[in-house]
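Here is the structure we will look at.
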Amino acid sequence: MAKKVPEIPGSSLADIAFMLLIFFLVTTTMDVDSGLERRLPPMPPEEQEDDDTPPIKERNVFVVLVNANNQLLVEGEITNIDNLRDKAKEFMANPYNEETLPEKQMKEVDFFGPVEVTKGVISLRNDVGTQYGTYIAVQNELVGAINDLREDLAKQKFGKSFTKLDRDQQNAIKDIYPSRISEAEPKKVGGN
């Protein structure tokens with residue numbers, strides 16, 4: 001009579017597979033796609049024509065260009081990305097009302113009273129060949145500049161961080177330092 005070969009018990013194999021599955025589900029992190037948070041401007045009224053839009057003075061526009069080689073041109077000067085935030089802050093704040101920086105207009109703002117508010121707009125244009133990492137870094141610096149100005153004003157006026165203010169106080173500061181970043185369509189400059 002043939003000798004019977006001992007079998008490996010398979011009853012606990014399903015339990016082990018299930019425990020491994022649970023382990024990998026719990027310990028694995030999933031990458032979540034993240035984007036840029038932007039609030040689009042409201043639609044213009046139906047009766048408004050394109051010709052009704054008032055022209056923006058050149059001094060009120062902070063021009064930032066990024067080429068296909070990821071080089072940064074700010075207001076006509078080649079600039080390192082490390083200096084972009086400071087230049088944008090100086091442009092938007094215009095603390096000494098310089099003629100080369102944006103105009104200001106008087107506006108009644110809650111908690112502050114009459115305040116001079118900038119008419120400045122940041123214009124960003126990049127080349128089609130710009131690397132995504134460079135594009136995001138430039139965006140971060142521009143948004144960071146406005147956030148820094150808001151943070152400084154919150155600490156100066158209310159003695160606490162902008163994020164710790166109530167909604168009305170935050171809106172008042174946003175009225176003084178609005179986030180006006182205009183993005184133009186990417187352009188193919190040179191090359192094939």
Side-chain angles (χ1 to χ4, degrees), residues 29 31-45 53-66 70 72-126 130 132-184:
T29 58
D31 289 337
V32 178
D33 289 338
S34 60
L36 299 172
E37 184 178 320
R38 290 281 179 263
R39 175 172 286 152
L40 297 175
M43 291 289 292
T53 307
I56 297 176
K57 292 183 180 177
E58 189 174 319
R59 75 179 264 196
N60 293 338
V61 181
F62 184 70
V63 180
V64 179
L65 303 170
V66 186
N70 300 310
L72 197 60
L73 190 69
V74 178
E75 292 291 294
E77 295 178 12
I78 293 178
T79 306
N80 190 334
I81 198 163
D82 298 333
N83 302 328
L84 180 60
R85 185 178 295 219
D86 291 334
K87 287 186 176 213
K89 282 169 60 172
E90 179 185 0
F91 176 83
M92 290 304 283
N94 189 8
Y96 306 112
N97 288 330
E98 295 179 29
E99 292 290 321
T100 57
L101 296 177
E103 299 172 292
K104 292 184 174 183
Q105 65 184 17
M106 289 302 286
K107 184 176 181 181
E108 186 71 29
V109 179
D110 293 341
F111 304 104
F112 291 90
V115 178
E116 286 186 324
V117 177
T118 184
K119 290 184 175 181
V121 175
I122 297 173
S123 172
L124 173 62
R125 171 170 261 160
N126 60 295
T130 303
Y132 188 69
T134 303
Y135 170 76
I136 292 296
V138 169
Q139 280 279 353
N140 285 342
E141 291 302 307
L142 295 176
V143 171
I146 294 168
N147 289 342
D148 287 353
L149 290 171
R150 290 175 178 174
E151 184 71 20
D152 293 345
L153 184 58
K155 286 182 178 173
Q156 177 187 342
K157 177 69 176 177
F158 301 108
K160 51 186 170 180
S161 176
F162 179 77
T163 56
K164 300 215 188 285
L165 300 177
D166 66 40
R167 186 178 303 270
D168 292 335
Q169 293 169 331
Q170 286 181 353
N171 288 338
I173 290 177
K174 286 179 182 178
D175 284 346
I176 296 173
Y177 290 119
S179 180
R180 293 190 193 123
I181 300 175
S182 167
E183 245 182 282

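Numbers here simply count residues along the sequence, with the first being 1.
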Could you check whether any side-chain N or O of [X] sits under 3.5 Å from a backbone N or O of [Y], counting only pairs where one atom can act as donor and the other as acceptor?
| X | Y | value |
| --- | --- | --- |
| Thr79 | Glu77 | yes |
| Arg59 | Leu101 | yes |
| Asp166 | Gln169 | yes |
| Asn94 | Glu98 | yes |

Which residue in the set Asp148, Leu153, Ile146 passes side chain to side chain contact (heavy atoms under 4.5 Å, CB included) when paired with Arg150?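 Checked Asp148, Leu153, Ile146 against Arg150; only one passes side chain to side chain contact (heavy atoms under 4.5 Å, CB included): Ile146.
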Would you name the heavy atoms of [X] and [Y] that are closest together and state the gap between them?
| X | Y | value |
| --- | --- | --- |
| Glu75 | Val61 | OE2-O, 3.3 Å |
| Ile176 | Pro178 | O-CD, 3.3 Å |
| Leu149 | Lys89 | CD1-O, 3.9 Å |
| Ala88 | Leu142 | CB-CD2, 4.1 Å |

When you check the gap from the basic side-chain N to the acidic O, do Glu183 and Arg125 get nearer than 4.0 Å?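 No.
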Is the shortest side-chain N to carboxylate O distance from Glu103 to Lys57 below 4.0 Å?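 Yes, Glu103 and Lys57 are salt-bridged.
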Cationic tip of Lys157 within the cone over Phe112's six-membered ring, i.e. under 6.0 Å and within 45° of the normal?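 Here Lys157 passes the 6.0 Å and 45° test against Phe112.
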[X] [atom1] to [Y] [atom2] distance, which is reported to the nearest 0.5 Å:
| X | Y | atom1 | atom2 | value |
| --- | --- | --- | --- | --- |
| Leu72 | Ile78 | CG | CD1 | 9.5 Å |
| Asn140 | Tyr135 | CG | OH | 10.5 Å |
| Lys174 | Phe162 | NZ | CZ | 5.0 Å |
| Asn60 | Ile122 | CG | CD1 | 12.5 Å |

Step through the shown structure and confirm whether more than 12 heavy atoms of other residues, nucleotides or ligands are within 6.0 Å of CD on Glu99.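 No, CD of Glu99 has 12 or fewer neighbouring heavy atoms, counting only those of other groups under 6.0 Å.
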Taking the side chain as C-beta and beyond, is there a heavy-atom pair between Val64 and Phe62 under 4.5 Å?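 Yes - at least one pair of side-chain heavy atoms lies under 4.5 Å apart.
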Tell me, do Asp110 and Asp168 make a side-chain contact under 4.5 Å, heavy atoms counted?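 No. Closest side-chain heavy atoms not under 4.5 Å.
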Under 3.5 Å, is there a donor on one side chain and an acceptor on the other for Tyr177 and Glu151?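 No, no side-chain donor-acceptor pair sits under 3.5 Å.
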